[in-house]
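Read the structure below first, then the notes.
Since this is a predicted model, take the numbers as computed values, not measurements.
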Amino acid sequence: MPLLDAVPALRADLLAWWQANGRHWIPWKLGPDGHPPGAGESLDPWPIWSAEIMLQQTQLQVVLPYWRRWIEAFPTAAALAAASEHEVLMRWQGLGYYARARRLHHGARQLLDQPWPRTVEGWLAIPGVGRSTAGSILSSAFDLPHPILDGNVKRVLTRLTASPRPPARDAAGLWLLSTALLDPHRPRAFNQALMDLGSGVCTPRNPSCGVCPWQGHCAAYAAGDPHRYPVKEAPRELPFQVIGVGVVFNDAGQVLIDQRLNEGLLGGLWEFPGGKQEPGEAIETTIVRELREELAIEAQVGEQLITVDHAYSHKKLRFVVHLCQWQRGEPQPLASQQVRWVAPVELETYPFPAANARIIAALLAHLQSQASADQAA
DNA sequence: AAGTCGTGGTC
DNA sequence: TGACCAAGACT
């Protein structure tokens with residue numbers, strides 16, 4: 001029997017499973033009374049929009065504490081619009097993909113004094129909102145019939161059809177299937193059920209096919225190899241680079257930090273200055289050279305503070321961090337937005353990426369042990 | 001349209 | 001120096 005003929009049964013079976021087994025506790029999916037909304041009932045789009053942006057390529061359990069603090073700080077879109085970019089990045093610090101925060105910030109300002117969009121086109125006009133996020137917001141907030149296609153849905157659908165192609169090679173087909181399956185009478189419940197199925201049953205490893213409401217329709221289950229889907233692209237090797245980093249002190253005991261450009265990796269966040277080690281170059285030379293090239297200062301490189309290995313999505317870096325002493329030259333933001341001397345205790349008031357947070361922890365520990373050594377002497 | 005963009009969980 | 005991946009969007 002063709003899959004499309006089974007659509008009514010698929011909808012009914014999924015929704016029945018979800019009624020008993022779904023995640024009915026997700027905070028941004030609850031009404032003001034703390035209970036799930038009835039069919040056709042609307043929810044405040046703001047907490048949902050915030051959550052959907054945070055959830056892009058990020059697991060629910062990681063998002064939850066960030067989202068709670070975020071909504072407490074910014075209860076409305078207008079509150080976010082009124083906030084500074086510094087405060088926005090502080091609230092996003094550690095969550096990754098920082099362009100999401102700046103786009104959400106801009107989107108909130110863009111929507112000021114405008115009614116909430118109720119069309120896909122209206123949401124697509126907002127920075128950071130793509131087709132799947134738009135569908136998720138519209139179905140979650142307004143119970144409107146728009147499909148979604150996130151990682152969970154891709155996995156469920158590629159297994160359901162035993163698709164031989166990686167999802168990126170068949171986006172059009174997957175969107176068609178998500179659209180065809182969507183229950184037009186209960187879009188909010190159906191989309192959430194599809195994601196809950198992918199999250200709790202149709203999992204990447206060791207799927208629980210024994211309790212799956214779609215087992216009888218699943219081509220991958222019939223073939224006995226649901227774990228093979230979705231078919232993966234050939235993985236690429238990640239380049240590895242060593243970065244020399246200077247924690248530069250001045251005579252007042254302050255350290256030098258710079259704010260990265262908004263474009264590119266870690267855009268808008270603060271960091272300790274540094275740069276890529278060139279072939280055959282001693283790391284101390286790298287640090288001296290980068291401080292000259294990017295800040296126009298002369299500094300003396302001292303002892304190593306720490307090395308930090310960190311994997312990003314498309315490269316692996318090793319930060320070799322040395323304590324340095326500023327000698328001369330007013331720091332210039334030649335490769336950054338701005339540079340600043342700050343007392344070590346003030347570092348916590350700036351948004352730093354995760355690798356730099358480890359450097360700060362090592363620095364504070366170093367200063368602590370140094371202070372107690374001085375006291376003993 | 002392939003490359004870019006983070007981090008932490010989990011095995 | 002692990003591999004793999006997660007409620008994707010943007011260029």
In residues 186-194 of chain A, what donor-acceptor pairs under 3.5 Å come from side-chain atoms, sequence neighbours left out?
unit_1: A:R188; atom_1: NE; unit_2: A:S140; atom_2: O; d: 2.9
unit_1: A:R188; atom_1: NH1; unit_2: A:G38; atom_2: O; d: 3.2
unit_1: A:R188; atom_1: NH1; unit_2: A:E41; atom_2: O; d: 3.2
unit_1: A:R188; atom_1: NH2; unit_2: A:E41; atom_2: O; d: 2.4
unit_1: A:R188; atom_1: NH2; unit_2: A:S140; atom_2: O; d: 3.2
unit_1: A:R188; atom_1: NH2; unit_2: A:A141; atom_2: O; d: 3.3
unit_1: A:N191; atom_1: ND2; unit_2: A:S139; atom_2: OG; d: 3.1
unit_1: A:N191; atom_1: ND2; unit_2: A:H146; atom_2: O; d: 3.0
unit_1: A:Q192; atom_1: OE1; unit_2: A:K29; atom_2: NZ; d: 2.7
unit_1: A:Q192; atom_1: NE2; unit_2: A:D196; atom_2: OD1; d: 2.8

Report all side-chain donor-acceptor pairs from residues 221-230 of chain A shorter than 3.5 Å, counting only partners two or more places apart or in another chain.
unit_1: A:D225; atom_1: OD2; unit_2: A:R228; atom_2: NH1; d: 2.5

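The phosphate of B:dT7 (OP1 or OP2) has a side-chain N or O of A:H310 nearer than 4.0 angstrom. In terms of phosphate contacts, A:Y66 brings no side-chain nitrogen or oxygen within less than 4.0 Å of OP1 or OP2 of B:dT7.
No side-chain donor-acceptor contact under 3.5 Å links A:Q93 and A:R91. Under 3.5 Å, the side chains of A:T58 and A:R100 contain a donor-acceptor pair of N or O atoms. Using a 3.5 Å distance cut-off with no hydrogens or angles, the side chains of A:E52 and A:S136 do pair a donor with an acceptor. With no hydrogens or angles considered, no side-chain donor-acceptor pair links A:E278 and A:T286 at under 3.5 Å.
Nucleic acid contact class of A:I26 (heavy atoms, under 4.0 Å, all strands): base. In this structure, A:Q192 reaches the bases: a heavy-atom distance under 4.0 Å links it to at least one base atom across the strands shown. Residue A:S132 is in sugar-phosphate contact alone, with no base atom involved, counting any heavy-atom pair closer than 4.0 Å across all strands shown. Within the 4.0 angstrom heavy-atom criterion, no nucleotide atom of any strand lies near A:G198. Counting any heavy atom pair closer than 4.0 Å across all strands shown, A:V129 reaches sugar-phosphate atoms only and no base atom. At a threshold of 4.0 angstrom between heavy atoms, the contacts of A:R23 include nucleobase atoms, whether or not backbone atoms are also involved.
The gap from the C1' atom of B:dA2 to that of C:dA7 amounts to 23 Å, rounded to the nearest Å.
A centroid separation of 6.0 Å or more is found between the aromatic rings of A:H314 and A:Y312. Between A:W70 and A:W92, the distance separating the two ring centers is shorter than 6.0 angstrom.
For A:H314, taking side-chain heavy atoms from C-beta onward, the closest of the listed nucleotides B:dC5, B:dT7, B:dC11 is B:dC5.
What separates NZ of A:K315 from P of B:dG6 is a distance of 10 Å, to the nearest Å. Atom pair A:L238:CG and B:dT4:C1' shows a separation of 13 Å (rounding to whole Å applied). Rounded to an integer number of Å, the gap from A:H227 NE2 to B:dC11 P is 18 Å.
First and last contacts of DNA chain C with chain A, using any nucleotide atom under 4.0 Å from a protein heavy atom and ordered 5' to 3', fall at C:dT1 to C:dC10.
Of the residues in residues 40-64 of chain A, those placing a heavy atom less than 4.0 Å from an atom of DNA chain C are A:E52, A:L55, A:Q56, A:Q57, A:Q59, in numerical order. For the contact set between residues 260-281 of chain A and DNA chain B, defined by any heavy atom under 4.0 Å, the members are A:G264, A:L265, A:L266.
Residues in residues 6-31 of chain A take part in these ring-ring contact (aromatic ring centres under 6.0 Å, His included) pairs, two or more places apart or across chains: A:W18-A:H24, A:W28-A:W67.
Because its NZ or CZ atom is both nearer than 6.0 Å to the ring centre of A:W175 and within 45° of the ring axis, A:R131 counts as a cation-pi partner of that residue. Because its NZ or CZ atom is both nearer than 6.0 Å to the ring centre of A:F142 and within 45° of the ring axis, A:R118 counts as a cation-pi partner of that residue.
Nearest-nucleotide mapping onto DNA chain B: of A:R236 and A:S313, the residue sitting toward the 5' end is A:R236. DNA chain B is contacted by both A:N206 and A:R100; A:R100 maps to the nucleotide lying nearer its 5′ end (nearest heavy atom per residue). The residue among A:K316 and A:M195 whose nearest nucleotide of DNA chain C lies closer to the 5′ end is A:K316.
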Salt bridge (Lys or Arg N to Asp or Glu O under 4.0 Å) assessment of A:E290 paired with A:K276: CA-CA 8 Å; A:E290 292 287 344; A:K276 287 193 286 285; over 6 Å; no

